[in-house]
Amino acid sequence: MGIPFLRHREYIIVPLQAAISDDEMVELWGLLANHVTGHDVRGVVIDVTALDVIDSFACRTLTHVAQAIRLRGAETVIVGIQPDVAIAMVQLGLSVTDVRTMLDTEEAIAFLDQATARAAR
Amino acid sequence: MTSLLDESTRLSSASQETVTSTASVIIRCDADVVSARQQACAIGEQLGLLRFDLALVATALLELAHNILSHAGRGEILLRIVQDGARRGLSMVARDEGPGIADIELALRDGYSTTGSLGLGLPGVRRLMDEFAITSVIGCGTTVAVCKWVRQRGGYDRHLAYCVGRGRAPVPRRG
């Protein structure tokens with residue numbers, strides 16, 4: 001199963017599917033890091049709305065994805081963490097301190113517009 | 001430390017009629033983990049666990065399954081409904097025949113990991129679930145038993161329902 005990327009201007013939006021496996025998570029890491037350079041991408045929005053669980057492995061992988069993309073010179077925003085998933089993450093002891101999280105894609109795009117405009121100035 | 005293990009075995013064998021659903025899932029690869037999670041959620045839903053608690057159970061199950069895969073390579077997870085007086089709960093027992101844990105106290109500490117992970121697995125699972133017991137023998141394997149009780153309807157429930165966006169927000173009263 002491939003992970004779909006949606007292109008929106010100079011950003012890519014990655015909607016993660018509910019039954020994403022650990023292998024696919026790791027695959028996503030490599031794919032995105034490569035894609036960002038090849039296509040002049042300024043920002044990546046990872047949409048986790050469909051995920052009903054984010055465990056320590058998924059959290060670590062998402063953080064690694066974001067760090068790799070930042071090293072490539074682009075910004076990452078994670079959107080759509082469900083309320084009950086958020087509560088479970090807190091109880092587990094997870095944090096996403098290195099990654100920007102937002103409510104939805106619209107908010108993330110607005111943030112990326114500002115961030116890239118500031119960088120261009 | 002073994003009380004819950006004994007307890008869940010006793011509960012399920014002594015009163016078979018209370019065990020309405022059980023499943024044993026062999027964990028060998030990634031796909032097994034996905035299937036175990038789906039089965040746990042299905043049983044939890046049947047039991048009447050709230051969506052909020054299902055998320056906690058699913059997260060705990062993933063952590064346990066990952067522990068099996070990364071430390072032992074293979075193992076199994078037993079899922080069953082247990083009853084203790086009036087309350088019912090979902091019990092999950094994760095067993096493997098891996099190398100075992102040398103220092104359980106240390107393994108239950110936040111941030112301790114032998115595999116370079118976040119080290120939140122076992123202590124995290126303990127926080128997520130209502131009951132937690134672990135036994136481990138070096139060279140023989142590890143068994144972790146956990147249980148989540150179905151919450152009684154009440155004030156706390158309403159608060160949680162609000163937290164997960166399914167209820168009305170509590171209206172602050174002004175005097």
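Just so it is clear: chains get the letters A, B, ... in the order the sequence lines come, proteins before strands, and each one is counted from 1.
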**OP:** Could you check which of B:Leu128, B:Val34, B:Val33, B:Leu56 has the highest count of heavy-atom pairs closer than 4.5 Å to chain A?
**Re:**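 Top option by heavy-atom pairs under 4.5 Å: B:Leu128.
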Subject >> More than 12 heavy atoms from other groups under 6.0 Å of CD on B:Glu76 >> reply: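 Check passes, neighbour count above 12.
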Original post:
If you count the non-hydrogen atoms of other residues, nucleotides and ligands that lie under 6.0 Å from CD in A:Glu106, is the total more than 12?
Top reply: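 No.
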Original post:
Any donor and acceptor pair, going by atom type alone, linking the side chain of B:Asp110 with main-chain N or O of A:Gly93 inside 3.5 Å?
Top reply: no
Between [atom1] of [X] and [atom2] of [Y], what distance do you get to the nearest 0.5 Å?
X	Y	atom1	atom2	result
B:Leu62	A:Asp22	CG	CG	7.5 Å
A:Asp52	B:Arg51	CG	CZ	9.0 Å
A:Asp55	B:His66	CG	NE2	5.0 Å
B:Asp53	A:Ile87	CG	CD1	10.0 Å

**OP:** Over all heavy atoms of both residues, which pair between B:Ala55 and A:Asp84 is shortest? Give the atoms and the distance, please.
**Re:** CB-O, 3.9 Å
Original post:
Shortest non-hydrogen contact from B:Arg127 to A:Leu92?
Top reply: NH2-O, 2.7 Å
**OP:** Following the transitive rule for hydrophobic clusters with a side-chain heavy-atom cut-off under 4.5 Å over Ile, Leu, Val, Met, Phe, Trp and Tyr, establish whether B:Ile26 and B:Leu61 coincide in one cluster.
**Re:** no
**OP:** Say whether A:Val90 and A:Val85 are linked into one hydrophobic cluster, either directly or through other cluster members, by side-chain heavy-atom distances under 4.5 angstrom.
**Re:** no
**OP:** Scan for ring-ring contact (aromatic ring centres under 6.0 Å, His included) pairs involving residues 63-98 of chain A, sequence neighbours excluded, and state none if there are none.
**Re:** A:Trp29-A:His64
Subject >> Whichever hydrophobic residues join A:Val79 through chains of side-chain contacts under 4.5 Å >> reply: A:Leu6, A:Tyr11, A:Ile13, A:Val45, A:Val77, A:Met102, A:Ile109, A:Phe111, A:Leu112
